Amino acid sequence: MKVLKHATPDLIDAFLKFIHIKGTFSDYIIEFQTTSDIQLSTDVAVLVGIAESTVVVERGQQEVADDNEDEEREGIPDGFLYARNGSLSVLFEMKRGGGKLYRPQLEAHKKKFLGVYSGGVREELVTWKSVLGFFTEQRKKYDDIHRNALLLDSFLEFCKIYMVGENTTEVPYDRHLALFSGRTFEVVNTLSNYALSLMNGVTPHVSFALEYKYPADAFPFFAICHKTKRVIFKPKGPYGLHIDLLVAKLFGRNMQTRHDNMANESFVHVDWIQTDDQINFLKEMIVYSFNCKYQNINPMPSEFIRKYDITKADYENSRLGREEQSFFHKGRYQRKVESEREKILSVLD
């Protein structure tokens, strides 16, 4: 979306033709994630899905997920393009790495075109490999100092680094780890090896982050992300809030991310991890995430709090304790979080 937003109109025109949108359009408006319905008058409505595969997971084919992962899947479109001249509206849903296109999510996006019956919204699905091929060919048309050339060079280099457009089943996972260097490489490599050693069949999956799954087609229990420089624990909800308490104890803080409302995840910045003791505690949290996710273990917060000697100060440094920020006020998920908060406070008070 960044390339299209800042590109000259001729590159946008070429991209629309690439995704089989015919017509003469101009005066473009391009935005990133949009939470609003499309209220602009439009004659042509198109939903574009981009992923490593154009295979869509249809209704009834989804993996069993917890509530928070279902919520993630609904999401919001990743981008929006509107042509004032030509009356064209396009929404984009983009999945990197092993991310899949899901039918319920695509259908939900189609409903954002107000005044257009969802069946009247055209669906165009393309692979990242084909998108990169298109942009590579377009790059040849511009001098090195042209704005489009600079945008395309940056985008293509990003995709090369993060293995976008590659068959993720053939990409060695250590290529992702090798993006780290020095002490941070030692940290993530240690945690990666530990996650892989938990059970025969744990599989590293190269996506936007390096995700660890058991079995290979399950939702991940642990992830390492080079772009955001963080390790991510993924127990089923709301047990990410338990890990938050230990993170607050070890580091005196929690990371703030756009996923702060997700009670089934907890994040640690790799630069925070400085000691072997911290690494050992994080190894225990990998096990904790694995057991919650796959062994159907539903731990009581009282056990966790006593085992790790969690204090009220640790709670106040966690996401739950920062009450001035409403991280979890998101529909039906609020009730579950408040229930867990009450259990935690009943032990700490």
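Since the structure is predicted, the reported quantities are computational estimates derived from the model, not experimental observations. Both backbone and side-chain heavy atoms feed into the values below; hydrogens, waters and symmetry mates do not. Position 1 is the first residue of the sequence; numbering continues from there.
Checked by atom type and distance alone, the side chain of Lys141 never pairs as donor or acceptor with a backbone atom of Gln138 at under 3.5 Å. Although no hydrogens or angles enter the test, the distance criterion places a donor-acceptor pair under 3.5 Å between the side chain of Thr203 and the main chain of Gly201. Between the side chain of Arg139 and the backbone N or O of Tyr142, at least one donor-acceptor pair lies under 3.5 Å. Within the 3.5 Å criterion, the main-chain N or O of Lys234 finds a donor-acceptor partner in the side chain of Lys293. A donor-acceptor pair under 3.5 Å is formed between the side chain of Asn193 and the backbone N or O of Asn189. Checked by atom type and distance alone, the side chain of Ser130 pairs as donor or acceptor with a backbone atom of Thr127 at under 3.5 Å. Ser318 places a side-chain N or O within donor-acceptor distance of the main-chain N or O of Tyr315, the cut-off being under 3.5 Å. Side-chain N or O atoms of Lys213 include none that pairs as donor or acceptor with a backbone N or O of His205 at under 3.5 Å. Panel note: side chain Arg253, backbone Asn317; no donor-acceptor pair is recorded below 3.5 Å. Judged by distance alone, the side chain of Arg230 and the main-chain N or O of Cys225 form no donor-acceptor pair under 3.5 Å.
Ring geometry for Phe134 versus Phe18: interplanar angle under 30°, hence parallel rather than tilted (30 to 60°). Taking the six-membered ring where the residue is Trp, Trp128 and Phe155 present tilted rings, their angle falling between 30° and 60°. Note on ring orientation: taking the six-membered ring where Trp is involved, the planes of Tyr288 and Tyr239 are perpendicular (angle over 60°, cut-offs 30° and 60°). Using bins of under 30°, 30° to 60° and over 60° for the plane-to-plane angle, the ring pair Tyr294/Phe290 lands in the perpendicular bin.
Side-chain contact between Lys100 and Glu52 is absent, with no heavy atoms from C-beta onward closer than 4.5 Å. At a threshold of 4.5 Å between non-hydrogen side-chain atoms, the residues Val270 and Ile224 do not count as touching. Phe80 places none of its side-chain heavy atoms less than 4.5 Å from the side chain of Ile30. Between Ile344 and Glu342, every side-chain heavy-atom pair lies at or beyond the 4.5 Å cut-off. No side-chain heavy atom of Asn298 sits less than 4.5 Å from a side-chain heavy atom of Cys292.
No more than 12 heavy atoms of other residues, nucleotides or ligands sit less than 6.0 Å from atom CZ of Phe281. Residue-environment remark: NZ (Lys312) exceeds the threshold of 12 foreign heavy atoms within 6.0 Å. Within a 6.0 Å sphere centred on NZ of Lys129, heavy atoms belonging to other residues, nucleotides or ligands number 12 at most. Crowding of Asn200 atom CG: a count of heavy atoms from other residues, nucleotides or ligands under 6.0 Å not exceeding 12.
Each of Glu340, Met285, Met300 was scored for a side-chain contact (heavy atoms from CB on, under 4.5 Å) with His242, with one residue passing: Glu340. A side chain to side chain donor-acceptor pair (under 3.5 Å) with Glu107 is found for one member of Lys111, Arg103, His109 and no other, namely Arg103.
If you look at Tyr212 and Phe222, their ring centroids are closer than 6.0 Å.
Side-chain N/O atoms of Gln105 and Lys95 include a donor and acceptor closer than 3.5 Å. A donor-acceptor contact closer than 3.5 angstrom is absent between the side chains of Ser87 and Tyr82. Asp314 and Thr311 share a donor-acceptor pair across their side chains, judged by distance under 3.5 Å alone.
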Assess whether side-chain contact (heavy atoms from CB on, under 4.5 Å) is satisfied between Tyr102 and Glu58, documenting all intermediate values.
CA-CA 6 Å; Tyr102 287 90; Glu58 300 293 339; over 6 Å; no
Report the C-alpha separation of Leu88 and Val90 in whole Å, then their side-chain angles, then the decisive distance to 0.1 Å, and conclude whether the side-chain contact (heavy atoms from CB on, under 4.5 Å) test is met.
CA-CA 7 Å; Leu88 167 70; Val90 184; 3.8 Å; yes
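Going from atom CD of Glu265 over to atom CD1 of Ile243 covers 10.0 Å, rounded to the nearest 0.5 Å.
Partners of Tyr194 under the ring-ring contact (aromatic ring centres under 6.0 Å, His included) rule, at least two apart in sequence or in another chain, do not exist in this structure. In this view, Thr275 and Asp277, Gln278 satisfy the side chain to side chain contact (heavy atoms under 4.5 Å, CB included) rule, not counting sequence neighbours. Looking at residues two or more places apart in sequence or on another chain, you find no salt bridge (Lys or Arg N to Asp or Glu O under 4.0 Å) involving Asp143.
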